[in-house]
Amino acid sequence: MQTRIALYPGSFDPPTNGHLSIIQRGLKMFDGLIVAVLRNPAKDALFTVEERVELLKAAVNGDSRVQVKAFSGLLVKFAHDEGVNTVLRGLRAVSDFEYEFQMANMNRKLDRNIETLFLMTGEDYFYISSRFVRDVARLGGDVSGLVPANVLEALKKRFK
Ligand code: PNS
């Protein structure tokens, strides 16, 4: 039987419980996921791509169904190189929709075989974003419950 793999791309700076929820729910629909961390030189990042890859790997407890890889350049090119044609994205609220709609259509324009599948973020996670987590942690706020334990530790170290 064919193995069904989806690509779950993002910045993951840092990974949050919202991301983890999408990964767990994605695994109910796919045999495996490739979590793809964008290497974006233009973005002012809190964690390096290598750190984010390691944080994600530890957060999924080494689940063999989840591969975590860095990518640069076009997502559709990376998907093609990995032999995957489904992109998984979480959709939080109305505000996410326009950006996600544009991105999904641009990706499909670039590669007709690419399909984007959206999972509605659960009600516990719809207000969590990496950007808010970064800001709150930087300002000394408590982000426990919003990020996996290993990410919480990494944030504490970064901002101590
Ligand atoms: O977590 P993010 O920052 O919302 O993820 C955005 C991401 C990484 C999925 C998106 O920026 C991306 O795929 N970038 C790669 C460049 C690309 O393919 N751009 C064309 C699609 S609009």
(request) Return yes if some donor-acceptor pair links the side-chain N/O of Asp31 with the main-chain N/O of Ile5 below 3.5 Å, else return no. (result) no
(message) Tell me which pairs pass ring pair (Phe, Tyr, Trp, His ring centres under 6.0 Å) where either residue lies in residues 115-150, with sequence neighbours left out.
(response) none
(message) What's the separation between atom CG in Leu20 and atom CD1 in Ile128, rounded to the nearest 0.5 Å?
(response) 10.0 Å
(message) Quick check: do Leu91 and Thr121 have side-chain heavy atoms less than 4.5 Å from each other?
(response) no
(message) Using a 3.5 Å distance criterion without hydrogens, assess whether the side chain of Arg52 forms a donor-acceptor pair with backbone atoms of Phe47.
(response) yes
(request) Would you list the pairs meeting side chain to side chain donor-acceptor pair (under 3.5 Å) in which at least one residue belongs to residues 131-149, sequence neighbours left out? (result) Asp135-Arg138, Asp142-Ser144
Show me the donor-acceptor pairs, under 3.5 Å and distance only, between side chains in residues 75-84 and residues at least two apart or in other chains.
unit_1, atom_1, unit_2, atom_2, d
Lys77, NZ, Asp81, OD2, 2.9
Glu82, OE1, Lys69, NZ, 2.9
Glu82, OE2, Lys69, NZ, 3.4

(request) Check the hydrophobic clustering (I, L, V, M, F, W, Y; side-chain heavy atoms under 4.5 Å; chains of links allowed) and say if Leu46 and Val147 are grouped together. (result) yes
(message) Strictly by side chain to side chain donor-acceptor pair (under 3.5 Å), give each pair with a member in residues 7-21 just once, sequence neighbours left out.
(response) Ser11-Lys43, Thr16-His19
(message) With side chain to side chain contact (heavy atoms under 4.5 Å, CB included) as the criterion, how do Glu50 and Arg39 come out once you've worked through the C-alpha distance, each side chain's angles and the decisive distance to 0.1 Å?
(response) CA-CA 9 Å; Glu50 287 69 27; Arg39 198 181 281 285; 3.0 Å; yes
(request) Any side chain to side chain donor-acceptor pair (under 3.5 Å) involving residues 150-160? Give me the pairs, sequence neighbours left out, ordered by first then second residue. (result) Glu51-Arg158
(request) For Met106, look at atom CE and say whether over 12 heavy atoms of other residues, nucleotides or ligands are found less than 6.0 Å away. (result) no
(request) Name all pairs fulfilling the salt bridge (Lys or Arg N to Asp or Glu O under 4.0 Å) condition that reach into residues 99-126, sequence neighbours left out, sorted by first residue then second. (result) Arg89-Glu100
(message) Are Leu38 and Leu56 linked, directly or through intermediate hydrophobic residues, by side-chain heavy-atom contacts shorter than 4.5 Å (ILVMFWY only)?
(response) no
